[in-house]
There are 2 protein chains.
Amino acid sequence: MKPKILIVEDEPSITDTIQYALETDGFDTVALSSGTAVIPLLSQDPVDLIVLDIGLPDINGLELCKTIRKAHDIPIIFLTARADEIDRVVGLEIGADDYLTKPFSPRELSARVKAVLRRTRRASPSTMSAPGFKVDESKRRISYFDKILDLSHYEFKILKTFIRRPGHVYSRDRLMDLVWEEPETSMDRTVDTHIKNIRAKLKTVKPDVDPIVTHRGMGYSLKEEL
Amino acid sequence: MKPKILIVEDEPSITDTIQYALETDGFDTVALSSGTAVIPLLSQDPVDLIVLDIGLPDINGLELCKTIRKAHDIPIIFLTARADEIDRVVGLEIGADDYLTKPFSPRELSARVKAVLRRTRRASPSTMSAPGFKVDESKRRISYFDKILDLSHYEFKILKTFIRRPGHVYSRDRLMDLVWEEPETSMDRTVDTHIKNIRAKLKTVKPDVDPIVTHRGMGYSLKEEL
DNA sequence: AATTCAAATGAAAAGTTCGTGAAAAATTGA
DNA sequence: TCAATTTTTCACGAACTTTTCATTTGAATT
């Protein structure tokens, strides 16, 4: 069962190099030279990881990433020519799983792919986990120290988002983007209130710890360890 | 630049074996026979990885691990005599980076050390580094000699700016431009005060050096080397 | 050594952001 | 439809951050 990697890159020479390196290291690969074809492909051909050039000519890579993330739970590694784009990519706005700045060695890319897969593999088979948490996607349930939480729709989605990347700091805006269908809706303390409710529910299980960390002026994250 | 490995193990024969194996493979080693000495040592002598026997007589290995993790961002490999302790170690509670059950071959340990170092070197995306600094953009954390700094929003951004270009001298105005959303609000000693606070926090980690250099009449920069 | 002036410092004031409870609005489902 | 539940809004106090300012320190120049 080789993992399948989708490469989205408009320059053939780079695509070739990557493809060769990844296949040598035991991956299956598919390559696309345009961003618009990604979504249609994903819906019929599941892949395990996407290597995405954000400097594509036909589409904004960041937007594409958002779109992918809306519907799929696939790790994404970014390629970028400009080092200063990195902040937005890796930081709050998008949440890439990793990135590489051109030029890079194919070997390095392959190593990153392996690392990201190793990291997310554990998480994927429908029970993702962070300290004490288990997510059962099919039953739409999250348990916390083996106690099933009674969560509302939004609470579930927010908590799932946190669990997917423990330690990652999500701004309120970013959470809105990820969790809400229509993120434009003006919000005041909406996210805060949901966090409050989630915290209250977690507290009934473990009264002495709060696994949700507030980062003043930045957002919230889940503790990586208790 | 050999990576330095700290070995915490109470049985001298094992310590010797490990030490020999690791040094043969090009690592620097330090050994401690008691757990209580670990924290004091870490604060003055940064190491790259810890090999920790959880069956130490003087201290609970799991607790020690937690304590280390509180303040430092160092990978840990566990040694244990009892295979059934492993579950708790590798599972959610602690998050060891790897483990070995006694008896093990020194060669095996050395291989694991290399693997963990390789993995963690790359693990966190976006770790820019300057002398002793690591920036994890996604977790909004900066560590200084592996100690995680507790920084406010502006402190984080200012320090990140410095780390991006060690040695580069930033005027107060330039810093304002780069870090503040609305730089028009020019005030007098604002930047100075933030620098003061950052310095204070860095000092708690390394009291004897000040990595921030003042350039009279010009601005501030970060030392390129300590 | 004296002078000068930028920088460091401590402390207080001003300004933000968060957590919270309660109530209003929207949604769901019987 | 109506009641129950979920989601959003809002206002307030507490906690924390940022800014201001007066004073001291200290480096460079004379």
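The sequence lines fix the lettering, A, B, ..., with proteins before strands; numbering per chain opens at 1.
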Colleague: Are any of the side-chain heavy atoms of A/L222 and A/I163 separated by less than 4.5 Å?
Modeller: yes
Colleague: Just N and O in the side chain of A/T190: are any of them under 4.0 Å from OP1 or OP2 of D/dT9?
Modeller: yes
Colleague: Would you indicate what B/R199 reaches in the nucleic acid, counting non-hydrogen atoms under 4.0 angstrom: base, sugar-phosphate, or nothing?
Modeller: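 Touches sugar-phosphate only.
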Colleague: Expressed in angstrom and rounded to an integer, what is the separation of B/L175 atom CG from D/dT19 atom P?
Modeller: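 Spelled out: CG on B/L175 to P on D/dT19 is 13 Å.
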Colleague: Name the nucleic acid region contacted by A/T214, choosing base, sugar-phosphate or nothing; use a 4.0 angstrom heavy-atom cut-off, strictly under.
Modeller: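 Sugar-phosphate only.
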Colleague: Given atom CG of A/N197 and atom P of D/dT7, what is their separation to the nearest angstrom?
Modeller: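 In whole Å, D/dT7 P and A/N197 CG are 9 Å from each other.
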Colleague: Show your working on side-chain contact (heavy atoms from CB on, under 4.5 Å) between A/I158 and A/W180 and close with a plain yes or no.
Modeller: CA-CA 9 Å; A/I158 291 171; A/W180 271 255; 3.9 Å; yes
Colleague: Report, one pair per line, the protein and nucleotides 14-17 of chain D atoms (nitrogen or oxygen only) whose separation is under 3.5 Å.
Modeller:
unit_1 : atom_1 : unit_2 : atom_2 : d
D/dA15 : N3     : A/R216 : NH2    : 3.4

Colleague: Do the side chains of A/E155 and A/R140 get close enough for a salt bridge, i.e. N-O under 4.0 angstrom?
Modeller: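 No, this pair does not count.
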Colleague: When we call it a touch if two heavy atoms are under 4.0 Å apart, what does B/F156 touch: a base, just sugar-phosphate, or nothing?
Modeller: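 Counting heavy atoms under 4.0 Å across all strands, no contact is made by B/F156.
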Colleague: Only one of B/H168, B/H215, B/R172 clears side chain to side chain donor-acceptor pair (under 3.5 Å) with B/Y220; which?
Modeller: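 Of all the options given, the one that passes is B/R172.
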Colleague: Among A/T204, A/L202, A/V209, A/D210, exactly one meets side-chain contact (heavy atoms from CB on, under 4.5 Å) together with A/K206. Which residue is that?
Modeller: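 Only one option passes, and that is A/V209.
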Colleague: Can you confirm whether the side chains of B/R141 and A/S221 place a donor and an acceptor under 3.5 Å from each other?
Modeller: no
Colleague: CE of B/M218 versus P of D/dA28: gap in Å, rounded?
Modeller: 12 Å
Colleague: B/K196 NZ to D/dT23 P: how many Å, rounded?
Modeller: 16 Å
Colleague: Within this structure, what is the NZ-to-P distance between B/K157 and D/dT18, rounded to whole angstrom?
Modeller: 11 Å
Colleague: Check the distance between D/dT19's P and B/R172's CZ and give it to me in whole angstrom.
Modeller: 14 Å
Colleague: Run the salt-bridge test on A/D208 and A/K203 with the 4.0 Å N-O cut-off and return the result as yes or no.
Modeller: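 Salt bridge absent between A/D208 and A/K203.
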Colleague: How far does the helix from C/dA1-D/dT30 to C/dA30-D/dT1 bend, going by the axes of its first and last five pairs, to the nearest 10°?
Modeller: 40°
Colleague: Does any non-hydrogen side-chain atom of A/L175 lie less than 4.5 Å from one of A/F162?
Modeller: yes
Colleague: Can you tell which of A/P166, A/P211, A/S143 makes a side-chain contact (heavy atoms from CB on, under 4.5 Å) with A/F133?
Modeller: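 Answer after filtering A/P166, A/P211, A/S143: A/P211.
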Colleague: Please find the earliest and latest nucleotides of DNA chain C, in the 5' to 3' direction, that have an atom within less than 4.0 Å of any heavy atom of chain A.
Modeller: C/dT16 to C/dG21
Colleague: Count the heavy atoms belonging to other residues, nucleotides or ligands that lie under 6.0 Å from CG of B/D28, then report whether that count exceeds 12.
Modeller: yes
Colleague: Given A/L6, which of A/L49, A/V38, A/V51, A/I74 fulfils the side-chain contact (heavy atoms from CB on, under 4.5 Å) condition?
Modeller: A/V38
